[in-house]
Amino acid sequence: MKKSFTFACLAVFIPFASAYADQGGFTNSGGSLSAGSSVANPPGTLTIAGGTLTFQSTDGTTAIAATSSENSTVKRCSGGGRGRPVTCSSTFTGTFSGTLTVNGAVQAINGSTSQVYGTNGVVVTGTTGYNSAYTPFYFSNTGQILRSDDLNGTNLISYGTQGSDVGQFYGAYGIAVDSAGRIYVADTYNARIVRIDDMNGTNWTSLGTYGSDVGQFNNPSGISIDPAGKIYVMDTGNNQLVRMDDMNGTNWTTLSGIGSGDGQFAQYVAPVAFDASGRIYIADTGNRRIVRMDDTSGTNWTTLTQSPVIGMYIFSFGSPIGVAVDAAGRIYVADAYQPKVIRVDDMTGSNWTSRSLGSGANPHSIAVDSSGMVLVGGGGAQIVDNMAGVLTSSSTLTAYYGPYYVFGATPVPLPTPRLSAISVSPPTLTFSQDVGTTSAAQTITITNFGGSPLNGLAFSTSDGFSETNDCPAALLAGSNCTVSVTFTPEAAGSVTGALNVSDDSGNLGSTQVVPLNGTGTISGAPPTP
């Protein structure tokens, strides 16, 4: 049965004042499956019906128009027996993709929603989260560094092979990015750290050999770059945190000590995080706590193990394996016990909030970008939408090595507003056609899943291929257009051509080349080997 409901919603932590709201979320209560009329702040209505999800603010400044998918409804009942009434409720969950418009600026988004309602159709509570569709990030499958434009593996590329030479990694468990966009890797089993300028391995620089002296590591597992550009390495095998000024190891400084007291950690594994003041945060997994200190001398050592009293309960960390800090100073913790992300406002644990990652998650790392997007690696990759929803990567992202092998997931820094982002589907076309005749058209879809218009779209073909298209000069974020390609062979045999695409996309540059493969045939002729 098709389910349709409309209700007013309360939005929290949504940057509506900004024209470029990269992520946000709604919470709501009241209303019904068929209509709703509760107060909203800001006023607005969320509607989920017939495979679509829309939000429209009363003042007209904000709108979401999306297509929902992967929807499911689970019904639960309790009570009964000895004359007690049976009460039932249903939980609707789903994901969606579409556009967010704020003050006239449009960007592509993805999101998820969960709605609980009773047998009377009245909504009890609901949460909806969304995030930019263009969310590029780096990660490692231990033998390579990979970059994807989103959780679906769009435009997935890789660099490196397994080994110990230049251009090779062996157990690359940690990744960090500095303010210049350079990529740092904790090359664990090669006992070194590596820096490259880009995914071509430009300016490969490495530091470290196996050992415990200055300039040596033993299974470095995590790497971080502070706001001043200094490098921090979790040297797991040597049970120490190393700080240095640069890739020459200048001003090599260490913090070590095994235990549960001040200046001590149960284990040295998780990479450190930093707030705007440069203070250092560490997930001390074995001691079930988060530690904050001013520097590697342990100055102003502060710990967080549990929440304040919330109602009748106090919540504690189970197995904190990573920590990140957003621009507002809020602290995010990836907890591997009953996998979840926990967010607190500060080291007192105020406003302790958690969001389950699902039973299939196996978190290894956590990071947050300048927009507040929270990225978790392990068991695939997951994005936590403002603590209101969770999006999980598709099998395409990890098709060749499995979802477990997503280590060091780290967002690629992006400007605001987000750039345009182009994707081409399918990535190539193949034709077989009689000489002197024209094939039926095959279609390529051009999509802009970024945060800005895609400008200057132009197309050309060669070698017997022709194209027509319905693409505008400026393709708005969240929209797509199609290119129809035909093949007219002039002679028998194989032809390799291309559809050349010119644009100003922020993810793939000014020119894309789509391979076109054709074979000219002669009717009735025997096939050639």
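No hydrogens, no waters, no symmetry mates; every other heavy atom, side chains included, goes into these values.
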Would you confirm whether [X], through its side chain, and [Y], through its main-chain N or O, come within 3.5 Å as a donor-acceptor pair?
X: S395; Y: A399; answer: no
X: D235; Y: V242; answer: no
X: D165; Y: Q168; answer: no
X: T302; Y: N300; answer: yes
X: D275; Y: G278; answer: yes
X: N507; Y: I422; answer: yes
X: T519; Y: S432; answer: no
X: D335; Y: G318; answer: yes
X: D284; Y: A266; answer: yes
X: T95; Y: G111; answer: no

How long is the gap from [atom1] on [X] to [atom2] on [Y], to the nearest 0.5 Å?
X: I282; Y: I290; atom1: CD1; atom2: CD1; answer: 9.5 Å
X: L476; Y: S420; atom1: CG; atom2: OG; answer: 11.5 Å
X: F139; Y: S393; atom1: CZ; atom2: OG; answer: 8.0 Å
X: T254; Y: M244; atom1: OG1; atom2: CE; answer: 10.5 Å
X: I321; Y: T285; atom1: CD1; atom2: OG1; answer: 7.0 Å

Checklist entry - Relative to each other, are the rings of W252 and F217 parallel, tilted or perpendicular (30° and 60° limits)? => result tilted
Checklist entry - What class does the angle between the rings of F407 and H364 fall in, given that below 30° is parallel, 30 to 60° is tilted and above 60° is perpendicular? => result parallel
Could you tell me whether [X] and [Y] make a salt bridge, using a distance below 4.0 angstrom between a side-chain N and a carboxylate O?
X: K230; Y: D226; value: no
X: D369; Y: R418; value: yes
X: R292; Y: D294; value: no

Search all heavy atoms of [X] against all heavy atoms of [Y] and return the closest pair with its distance.
X: I331; Y: V323; answer: CG2-CG2, 3.6 Å
X: A176; Y: S224; answer: CB-CA, 4.0 Å
X: I145; Y: M199; answer: O-CE, 3.2 Å
X: V406; Y: A381; answer: CG1-CB, 4.3 Å
X: V368; Y: V325; answer: CG1-O, 3.2 Å
X: D326; Y: Y332; answer: OD2-OH, 3.0 Å

Checklist entry - How about Y337: does its OH atom have over 12 heavy atoms from other parts shown lying under 6.0 Å from it? => result no
Next on the checklist: Take a 6.0 Å sphere around OH of Y170 and say whether it holds more than 12 heavy atoms from other residues, nucleotides or ligands.
Outcome noted: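 Count not over threshold, so no.
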[X]-[Y] side chain donor-acceptor pair, cut-off 3.5 Å:
X: E467; Y: N469; result: yes
X: S221; Y: T236; result: yes
X: Q107; Y: S132; result: yes
X: S505; Y: D503; result: yes

Next on the checklist: Please evaluate residues R192 and Y210 with respect to the criterion side chain to side chain contact (heavy atoms under 4.5 Å, CB included), reporting the C-alpha separation (whole Å), side-chain torsions for both, the decisive distance (0.1 Å), and the verdict.
Outcome noted: CA-CA 8 Å; R192 66 186 180 186; Y210 177 81; over 6 Å; no
Would a line drawn from the ring center of [X] to the ring center of [Y] be shorter than 6.0 Å?
X: Y173; Y: Y405; result: no
X: Y130; Y: F96; result: no
X: F431; Y: F465; result: yes

Checklist entry - Can you check side chain to side chain contact (heavy atoms under 4.5 Å, CB included) on L146 and N141, steps first, answer last? => result CA-CA 8 Å; L146 299 99; N141 63 6; 3.8 Å; yes
